[in-house]
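Every heavy atom of this structure was used, including side-chain atoms; hydrogens, water molecules and symmetry mates were not.
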Amino acid sequence: MEDLWTMFCGESDCSDRYGKPCDSALWHFINPSSCINQSMIICFDILLLLMLLFNMIQKPSPKTVGIPARFRNRSSLQIASAIVNGGIGLVYLCFGIWILEEKLRKTQTVLPLNWWVLALFQGSTWLLVGLTVSLRGNQFRRTPIQLLSILAIIYAVIVCVLSLFAVILSGIVKTKIFLDALSLPGAILLLFCAYKGYKYGDGDQKTDESDLYDHLVAEANGSTEDDKTVQVTPFATAGCFSKFSFWWLNPLMKKGREKTLTEEDMPKLSEAERADSCYLLFLELLNKQKQANPSSQPSILKTIIICHWREILVSGFFAFLKILTLSAGPLILNSFILVAEGHESFEYEGYVLAISLFCAKCIESLSQRQWYFRVRLIGLKIRSLLTAAIYKKQLRLSNAARSMHSSGEITNYVTVDAYRIGEFPFWFHQTWTTSLQLCIALVILFRAVGLATFAALVVIILTVICNAPLAKLQHKFQRNLMVSQDERLKASSEALINMKVLKLYAWESHFKKVIEKLRAVEYKWLQAVQLRKAYNSFLFWSSPVLVSAATFGACYFLNIPLHASNVFTFVATLRLVQDPIRAIPDVIGIVIQAKVAFARVLKFLEAPELQSGNVRKKRHMENGDLAISIKSGGFSWEENASKPTLRDITLEVRMGEKVAVCGEVGSGKSTLLAAILGEVPNVQGSIQVFGKIAYVSQTAWILTGTIQDNILFGSAMDKQRYEETLERCSLVKDLELFPYGDQTEIGERGEYVMEALASKAVLLVTHQVDFLPAFDSVLLMSDGEILQAASYHHLLASSQEFQDLVHAHKETAGGGRAAEVNPAKGHGTSTTEIKKSYVEKEFKEPVGDQLIKQEEREKGDTGLKPYLQYLNQNKGFVFFFLSTFFHLLFVCGQIAQNSWMAANVDNPNVSSLKLITVYLAIGVFSTLLLLSRSLFTVTLGMRSSRSLFSQLLNSLFRAPMSFYDSTPLGRILSRVSVDLSIVDLDVPFSLIFAFVATLNTYSNLGVLAVVTWQVLFVSVPMIYLTIRLQNYYFSTAKELMRINGTTKSLVANHLAESIAGAVTIRAFEEEERFFATSLDLIDTNASPFFHSFTANEWLIQRLETLSAFVLASAALCMVLLPPGTFSSGFIGMALSYGLSLNMSLVFSIQNQCTIANYIISVERLNQYMDIPSEAPEVIEENRPPSNWPAVGKVEIRDLQIRYRPDAPLVLRGISCTFQGGHKIGIVGRTGSGKTTLISALFRLVEPAGGKILVDGIDICTIGLHDLRSRFGIIPQDPTLFNGTVRYNLDPLSQHTDQEIWEVLDKCQLREAVQEKEDGLDSLVVEDGLNWSMGQRQLFCLGRALLRRSRVLVLDEATASIDNATDLILQKTIRTEFADCTVITVAHRIPTVMDCTMVLAISDGKLVEYDEPTKLIQREGSLFGQLVQEYWSHYHSAESH
């Protein structure tokens, strides 16, 4: 004890610093030079620190949690207190360091400790307490923080009083006394801060800022008070200690170890990290920029930086601290070698160095973990706000902009580009920390090898210069890769959306080849990008070898002596900077990727928007009953078009009016509706629309969700209205067919619909002329103009064009047959029946599976399975083995190189030339091994990517329709976009780097253990603990990344659906609701990602502490063992490897965690690589004759169909024969099974029983391609593909231009195509949006005419065609397919009146099959009932 006191105080416990002897007990306490006084002050410091720690561990104030930084503006009092107390603390620290340095300089010893330890203790305490209370007081509870401030002022008063006594008694004012006196005003400021500076949340009151924030959040996502009970991440309420140690994550890690985590286990993000907060802040600052400078476009990049500048600065501070502590390592190593050689500066220097090494490594770990965590968090917030901004933008995108940004590209902006930009902040600080680290390293090198450092500098500069052209090429290749990726994704998206059409036409193989060709282009750029990455990798991994070669060569020529101390200081410094140098290619790659991605996103965000706000107006008294007003309006889809799409439109519609719009295909009917919705730019005249709009689009748009959600569409549930709606829309029976419900076919017409719309203004675009008499006014359109607007009877009397339409309809309807039918009797469903059905349905337990299945994800530890899946592709194992083998040789080469130097650096028998030559020879050989490793890695990646994509594409194109019916498109798109991108770009290098980084770590540990074998007593348990910790981590981390993958699909799916239904969403003014849903899904995805990267830091921090302990133990061994046990060369080598142990361990764990996260993308791809396939496309031994079907006879024998193995039968034993050349009409009520019968004919669904024979051949015995390619079909939904007119009619290029023109002529499309400049090469945009719905239907008819099949199926083919065109087409089909079997599924009864036979289906059973005239006359006939209902409605319409 006496020795310790002597070490602390020196020979006397009261020096004569103040000139007076310590001759009294009082003087011992009041004299600042007295050891008792100094010990007392240090004890007080410890008490303050313990109180601060108690505050940190305490649960913080709940009411202030989650208030974002923008609502926590610092007061002047807080800032003043922080500056004063922070300044005092820093001056104390500097003073302590100065005393220590002076002691070492004058006495070569740190003893006695009292003066400098006291100053450092006071500085640290004042800095921590002062800044915490000043800036973070509101994060703690009121009482403990106020108690801390009281203790601080008591402490300051005591110190100040004692210092004043010392001045009075000695008459000398010293720096320490001056600082002690200054601490009193600092403490007073702290007391004011604790009592007046904050509003605490212990009570029931909330701060005004919190109220404001809650209001903003509620406004953004419609949240209620109930939402606040949802579990929020513990990070939101964590104290400083918990945040620095990631202690707050322990409960989730424990839960992940005990059970498989699910989405329900994911805590919500705190308010400041949520997408709505990030987007609101971004919007707020963007608007400020616009207001400040209205003439110029505000910079989105600048706005994002302003949003996060505080977090960027704080993370930058931790990055700077990490570099400083890291750079201290080689200096400590140099001192160690000097101690080993017997050149101690002071007694116990070895122990001090060992402790310093441990502390430096711990601080390095703490700062790096905070740096990485904070920049990851910034990246997450940027990704969230960009995803939100992209979603919001696509809801407002103009038609011209939409043609430039396809749905596939927009999905790519979110799934790939926003992801890449979100990754950039993680690498941002490395752009300057690497440079700073190099500069510090050069200073240390100069101290070690003098002028030879300039040789190292020249090599580093040359390396960077050599990389410049590579970086430019990388940028170009990356940009081209992204463009080719977009093209491939666009084609994939289009094919996947329209897979049913592709299967019906037997075009899958062709479209698959198109995608494969686009993928081949993508491969070309992918290979270029990966090769540049490999060359970069080689360049920067070999640069340390080149630097050491140049430096040692310069040492030889400059006659600079080489000793263990300067050589291994050099080697250690080089080993510390080689990992950041090796990361330069990654940094360059990420910067380039982020730059390209940001340019693409920026271009999208700056695209023109719809100006629909100019159309929608609020109702005023003067226009009380006005609904729509257009005056001399001109509207054009294309900008600067010479001829507007609509011209001279004048229209007024008042509340309660019913207006029908009719005209030929392409006359502008749909464009008129779009103009009223604000979708088409108004180029002349004016348009005003008042009140709310309800819009029914021409093609049904169904959201993934329940039928109820689709019907309500954001409206509040009103049971009575809901029941009435089901009745009016004829949905009651349909709902009974779906135990859970997801999609349904809307009833074709209902008696009560017009009653429900009695008080509303109704605008109906229709080809159904028989309903026109029920409307107040009819608009007749032709070639973009309104020819006439009048009542039905007035138009019939005055307009020849209208008369032609009506007469055409009567011809198609077979007007004379109406007389044969008796008036219809009511077949409606009573309201009581509906209510009963609805109530039963509401309380009945659902049976069977949901139609839309939950997304699959692997569970638990899959071990090496996904890695083996990846390496099993295309000889992947061979290239992986070669790559890792060459790296193993490289590591052995490095160890051999350093061992040669360690053994011979102080050996007088080995000349400097020989020493350096052998060292360089080994180094050059090692670099060649590196080049081989890099090239084999690229080969591995390319071959695996090619194989995985090929299997995925084959699997998706061979998947049955049941897979597409139960899988939302977003799930598939997320795999062919972001997952495939990760597998292409990230997996190969990450996989190799994970292995080589682990190899490096064990080699470092091995070298340390060989030199100081005693360290094995520490390192073996450390390795055991490391493995246990990693296993503990992986059980949680893998599930987090899997949940991240599945929730990412939800974001992509919601985006894809919203793009498809953007017009409907805008029409109903539901943009905010959909945006709020999007924000919620972004947060649902962000939470597992946030907790995933935090878990990564949690693990690494604990492992780094272990490795610091191993290194300190090794250093202690070297100190404790007798001098001369080890040569200074081997001590230098061991410690140079030991110093980089922390860093290599970090790189190892990081790469292991990274590849563990990335490999989940392989898992996700693999889920869709083994989808149960359809029947073979071709069965070689059973191919039909080339002229099959020659007759077209179709025999259906006891056909039974169910959609899923556990589902009830949809078709129940149908048997009938369609004679060759007959015209067959299939009728039945909605949901009866008409479309299912057609699906069975094309084998989109396989029979559960029975069979179908066509010309005597069982269709189930031949290949699907042989079957489908021999039938013609005009499908229910007219589908056009991105390309040309020629491509859409004949994608397989089987016909001449002349044949195509002839078909266009028969389809009434010749004129429309000839008007286009490019004729058959005229553009067809995505979904054929630049052609009207009717024209799209005519294209489908053209395809059927080109194919000339003996069996033609028309599935509701005439739904989008006006009656005049319909009449011509019916005649064309009768003429062109006179000797063919034509099977027509029609909802319009007149379509099947001239059929040879009519097949009536009800509830999946064949009810009747006979000639239509016989069926009409048969009593109780279902067909007769349908005809009666049709004509009774027709007569009631005419009577209006």
Side-chain angles (χ1 to χ4, degrees), residues 297 299-305 375 378-379 382-383 385-387 389-390 393-394 401 404-406 408-428 430-431 467-490 492-493 518-519 521-537 583-607 938 941 945 973-974 976-990 1052 1158 1161:
Q297 185 79 12
S299 166
I300 291 174
L301 178 61
K302 182 183 173 185
T303 310
I304 290 172
I305 291 168
V375 290
I378 295 167
I382 290 172
R383 190 179 82 183
L385 80 84
L386 280 177
T387 305
I390 291 165
K393 182 71 181 187
Q394 67 82 21
M404 293 165 61
H405 304 276
S406 69
E409 285 174 311
I410 297 170
T411 305
N412 227 9
Y413 297 149
V414 165
T415 55
V416 177
D417 293 321
Y419 168 82
R420 296 285 174 201
I421 296 165
E423 286 291 293
F424 173 67
F426 178 73
W427 301 88
F428 168 72
Q430 294 204 14
T431 55
N467 186 61
L470 282 178
K472 280 186 180 175
L473 275 175
Q474 182 85 327
H475 186 269
K476 176 191 166 188
F477 294 154
Q478 183 70 39
R479 194 171 58 244
N480 290 334
L481 174 64
M482 298 293 267
V483 169
S484 59
Q485 195 179 60
D486 274 351
E487 290 298 317
R488 191 255 308 159
L489 192 62
K490 190 194 291 184
S492 303
S493 174
L518 292 170
R519 179 68 171 168
V521 175
E522 190 182 351
Y523 278 134
K524 187 181 90 173
W525 296 118
L526 176 64
Q527 188 166 24
V529 166
Q530 295 293 71
L531 279 172
R532 294 308 163 282
K533 200 188 278 188
Y535 295 147
N536 275 351
S537 173
I584 288 175
D586 293 327
V587 176
I588 291 167
I590 293 288
V591 170
I592 288 167
Q593 284 178 6
K595 189 180 174 188
V596 171
F598 197 78
R600 285 154 48 82
V601 170
L602 200 60
K603 184 182 175 187
F604 175 71
L605 292 178
E606 290 175 353
V938 173
S945 280
L973 286 180
S974 68
V976 297
S977 57
V978 66
D979 286 319
L980 199 62
S981 175
I982 286 170
V983 168
D984 284 347
L985 287 165
D986 301 320
V987 169
F989 280 98
S990 293
Y1158 284 156
S1161 289

What one should report as the nearest heavy-atom pair of Pro425 and Val375 is O-CB, 3.4 Å
Out of curiosity, Ile421 CD1 to Tyr413 OH, how far, rounded to the nearest 0.5 Å? 11.5 Å
If you take all heavy atoms of Leu985 and Gln530, which pair is closest and at what distance? O-NE2, 3.5 Å
Candidate pair Ile305 and Leu301, rule side-chain contact (heavy atoms from CB on, under 4.5 Å), full reasoning: CA-CA 6 Å; Ile305 291 168; Leu301 178 61; 4.1 Å; yes
Rounded distance (nearest 0.5 Å) linking atom OG of Ser493 with atom CZ of Arg488: 11.0 Å
Start with the C-alpha distance between Ile382 and Phe424, add both sets of side-chain angles, then the distance that settles side-chain contact (heavy atoms from CB on, under 4.5 Å), and finish with yes or no. CA-CA 10 Å; Ile382 290 172; Phe424 173 67; over 6 Å; no
Please test Ser977 against Asn412 for side-chain hydrogen bond (donor to acceptor under 3.5 Å, both in side chains), starting from the C-alpha separation and ending with a verdict. CA-CA 7 Å; Ser977 57; Asn412 227 9; 4.9 Å; no
To the nearest 0.5 Å, atom CG of Asp417 lies from atom OG1 of Thr411 at 11.5 Å
When rounded to the nearest 0.5 angstrom, what distance separates CG in Leu526 from CG in Asn480? 12.5 Å
From Gln485 atom CD to Leu980 atom CG, the distance as rounded to the nearest 0.5 Å: 7.5 Å
Quick one, Phe989 and Val938 - any side-chain contact, counting heavy atoms below 4.5 Å? yes
A side-chain contact here means heavy atoms from C-beta on lying under 4.5 Å apart; do Gln430 and Ile590 qualify? no
Kindly give the heavy-atom pair with the smallest separation between Arg519 and Ser945, and that separation in Å. NH2-O, 3.9 Å
Do you know the tightest heavy-atom contact between Pro988 and Gly941? CB-CA, 3.5 Å
Can we say Glu423 and Arg420 salt-bridge, meaning some charged N sits less than 4.0 Å from an Asp/Glu carboxylate O? no
Using the side-chain contact (heavy atoms from CB on, under 4.5 Å) rule, take Gln394 and Val414 through it: C-alpha gap first, then chi angles, then the decisive distance, then the call. CA-CA 11 Å; Gln394 67 82 21; Val414 165; over 6 Å; no
Residue pair Lys393 / Leu605: nearest heavy atoms and the distance that separates them: NZ-O, 3.0 Å
Could you check whether any side-chain heavy atom of Ile304 comes within less than 4.5 Å of a side-chain heavy atom of Phe598, counting everything from C-beta outward? yes
Tell me whether the rings of His405 and Phe604 are parallel (<30°), tilted (30 to 60°) or perpendicular (>60°). perpendicular
Can you tell me how far apart CZ (Arg532) and CD (Gln527) are? Round to the nearest 0.5 Å. 9.5 Å
Here the pair of heavy atoms bringing Glu522 nearest to Ser484 is CA-OG, 3.5 Å
Leu973 side chain reached by Thr415 side chain, heavy atoms, under 4.5 Å: no
Taking the side chain as every heavy atom from C-beta outward, state whether Gln478 and Leu481 have any pair of such atoms under 4.5 Å apart. yes
Anything under 30° is parallel, anything over 60° is perpendicular, the rest tilted; go ahead and classify Trp525 against Phe477. tilted
